[in-house]
Amino acid sequence: MTSIGSLFSTHGEEEPVIAITGVQFGWGSVGKIAAVMDVLRARHGDRLGFVGLASALGRPVLGAHPIDAWLEVPAGDGELATLVAAQRISAALVVLDPELASRLQSVGVPVVYLDSLPFLWTDRDELPVDVEAYCAQLCPALPQACWPSLRRIRSLHWVGPVVGMAGVDGPAPVPGRAVLNLGGLESPFRDGDDNAYLSLVLESALTALRDQGFRELIITGNVDLDRLPRTSAATGLSIRGGRLPRGKFLEALRTAELVVTSPGRTTLLETASLNQRCVVLPPQNLSQIVNAADVAGQVDPRIVVSWPTDVVDEAVLDTHKARGEAEAVRYLYGCIAAAAQRRSEHNSWLTARLSEAIKASGQPGARMAPFSGSTGGDGATQVADIVDLVVERTRTGLAGVRLPGGSNFAYSQPA
């Protein structure tokens with residue numbers, strides 16, 4: 001087999017181009033793209049080009065990455081094929097956008113698809129089962145409802161956490177500094193500019209952090225600091241942040257004494273890789289409910305703040321979930337919006353619960369390392385290996401350049 005280090009160096013001077021794209025749902029998808037890009041750039045430098053497709057929501061996260069161009073995706077497959085030819089695209093890395101993954105594969109682009117939420121899908125969800133390589137991130141448990149969909153995947157590869165960072169090097173946490181991460185805040189299922197979640201949690205989070213002795217706060221996520229709801233809870237706090245590129249975001253996580261975050265899986269894995277002290281905010285969407293439950297089970301339930309049943313009744317949510325992700329997420333958004341209309345009724349319990357969680361996060365055994373699991377390896381490197389091999393096979397036309405053996409749905413539960 002051609003060694004990874006020699007790829008792209010012996011087949012002419014024209015550099016291969018990788019198309020990258022992530023679903024317009026939060027920022028986790030582009031965080032994973034950044035992690036894989038970092039590995040590829042470390043290996044190949046300028047011998048590898050990148051073109052971004054769509055992904056408008058997450059572009060700030062990739063602001064410091066070498067994207068040659070950002071392009072909108074044409075509606076017709078003929079126009080898409082023309083774009084692919086004009087940009088000399090050799091392969092695509094697609095995160096959680098099944099429709100675009102299938103379209104790219106159908107016009108001749110070999111797609112490496114990265115699924116960080118394999119535990120979420122049922123037979124009501126469309127998956128790009130015929131892509132060149134389907135990389136599913138290992139998770140603590142895989143519900144039986146997911147099995148039929150995943151069994152249909154032609155080339156399934158289980159990979160470890162796609163984070164691309166380690167906690168052994170770098171500056172020490174700064175006492176009194178906290179990160180409040182609100183995530184991407186948007187999704188295809190949200191109607192218009194809905195700030196319900198932000199308005200519901202912000203004041204309580206600021207109050208709890210200030211009451212627990214934190215004075216320096218980095219607010220991160222898809223937010224404009226100058227457009228945040230004005231609140232007296234910010235009094236006495238030094239606040240900065242906003243839409244940080246991934247490198248600066250990881251630096252903020254590393255140098256914080258405490259991370260308070262909505263339960264997006266990518267950020268939780270990043271805090272785990274740093275063995276950070278963490279508090280988990282109430283969930284914004286369906287996958288975050290699962291993520292928060294995993295933190296409670298693997299780390300410590302005291303650091304996880306959940307919605308009470310009078311805000312989100314999970315028994316009712318389950319009935320919506322049976323009809324597909326979209327309906328379940330819309331129900332959840334409706335619950336959060338209704339609670340935001342009665343914000344004054346919820347501030348007291350939410351502030352108290354966050355204060356309790358902050359105290360618990362400082363106790364022995366409450367740090368996040370167990371969330372990353374003990375198996376699976378470096379997912380970012382594993383996905384980059386598969387991208388390299390797909391590109392090499394495409395450029396050389398050699399069937400002998402083989403991908404790692406597919407899993408055929410052989411799933412090993414992480415220890």
Side-chain angles (χ1 to χ4, degrees), residues 137-141 160-183 201 204-220 237-238 249-283 288-308 348-379 413-415:
Q137 182 175 264
L138 284 164
C139 48
V162 180
V163 178
M165 62 180 294
V168 294
D169 299 315
V174 177
R177 176 185 293 175
V179 166
L180 174 60
N181 176 57
L182 299 164
V201 304
S204 291
L206 296 180
T207 301
L209 285 164
R210 188 188 61 199
D211 290 351
Q212 296 305 313
F214 290 88
R215 291 295 177 263
E216 182 184 355
L217 185 59
I218 304 174
I219 298 180
T220 61
L237 294 173
S238 171
F249 175 67
L250 297 181
E251 180 183 355
L253 293 185
R254 187 185 296 275
T255 59
E257 181 183 353
L258 171 70
V259 176
V260 179
T261 181
S262 65
R265 201 164 197 90
T266 300
T267 301
L268 292 173
L269 286 169
E270 288 164 346
T271 63
S273 74
L274 295 167
N275 195 25
Q276 256 292 14
R277 182 180 167 192
C278 182
V279 166
V280 178
L281 291 169
Q288 291 190 358
I289 289 177
V290 179
N291 299 339
D294 287 345
V295 174
Q298 295 175 257
V299 183
D300 190 326
R302 298 174 301 168
I303 68 172
V304 177
V305 181
S306 302
W307 296 119
S348 179
W349 73 259
L350 185 53
T351 301
R353 183 65 192 87
L354 285 168
S355 293
E356 293 169 0
I358 292 170
K359 292 176 185 176
S361 72
Q363 298 300 309
R367 286 184 176 267
M368 282 290 288
F371 185 76
S372 61
S374 59
T375 63
D378 180 352
Q413 296 280 4

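No hydrogens, no waters, no symmetry mates; every other heavy atom, side chains included, goes into these values.
Pro283 and Trp307 get closest at one heavy-atom pair: O-NE1, 2.8 Å. What you find for Gly264 and Asn291 is that their closest heavy atoms are C-ND2, 3.9 Å. Nearest approach of Val304 to Ala296, heavy atoms of both residues: CG2-N, 3.8 Å. The two residues Pro263 and Pro282 have their closest heavy-atom pair at CD-O, 3.8 Å. Between Val179 and Ala252 the shortest heavy-atom distance is CG2-O, 3.5 Å. Contact detail for Pro370 and Val299: the closest heavy-atom pair is CB-CG2, 4.4 Å.
The distance from the CE atom of Met368 to the CG atom of Asp300 is 11.0 Å, given to the nearest 0.5 Å. Atoms CG and CZ, from Leu237 and Phe214 in turn, are 11.0 Å apart once rounded to the nearest 0.5 Å. Atom-to-atom distance recorded for Leu180:CG and Ser262:OG is 9.0 Å, nearest 0.5 angstrom. Atoms CG and OG1, from Leu268 and Thr266 in turn, are 8.5 Å apart once rounded to the nearest 0.5 Å. Rounded to the nearest 0.5 angstrom, Ile219 CD1 and Leu206 CG are separated by 5.5 Å. Note that OG of Ser204 is 8.0 Å distant from CH2 of Trp349, once rounded to the nearest 0.5 Å.
Between the side chains of Arg367 and Asn275, no donor-acceptor pair is found at a separation under 3.5 Å. For the residue pair Ser238/Arg215, the side-chain donor-acceptor check at 3.5 Å is not satisfied. Checking Asp211 against Ser355 by side-chain atom types alone, no donor-acceptor pair falls below 3.5 Å.
Looking at Thr351, its side chain never comes within 3.5 Å of a backbone N or O of Ser348 through a donor-acceptor pair. Under a 3.5 Å cut-off, the side chain of Gln276 and the backbone N or O of Leu253 do form a donor-acceptor pair. No donor-acceptor distance shorter than 3.5 angstrom exists from the side chain of Arg302 to the backbone of Ala366, with no hydrogens or angles considered.
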### Message
side chain to side chain contact (heavy atoms under 4.5 Å, CB included) for Arg254 and Phe249? Distances and angles first, verdict last.
### Response
CA-CA 9 Å; Arg254 187 185 296 275; Phe249 175 67; over 6 Å; no

### Message
Walk me through whether Glu257 and Arg277 qualify under salt bridge (Lys or Arg N to Asp or Glu O under 4.0 Å).
### Response
CA-CA 7 Å; Glu257 181 183 353; Arg277 182 180 167 192; 3.3 Å; yes

#### Entry: Criterion side chain to side chain contact (heavy atoms under 4.5 Å, CB included) on Val260 and Cys278, from CA distance to verdict
CA-CA 6 Å; Val260 179; Cys278 182; over 6 Å; no

### Task
Evaluate side chain to side chain contact (heavy atoms under 4.5 Å, CB included) for Leu281 paired with Thr261, printing each intermediate quantity in order.
CA-CA 6 Å; Leu281 291 169; Thr261 181; 5.8 Å; no

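Counting only heavy atoms from C-beta outward, the side chains of Pro173 and Thr255 never approach each other to under 4.5 Å. A heavy-atom distance below 4.5 Å is not found between the side chains of Arg210 and Leu217. At least one side-chain heavy atom of Leu354 sits under 4.5 Å from a side-chain heavy atom of Val279. For the pair Leu209/Leu258, a side-chain contact is recorded, criterion being any heavy-atom separation below 4.5 Å from C-beta on.
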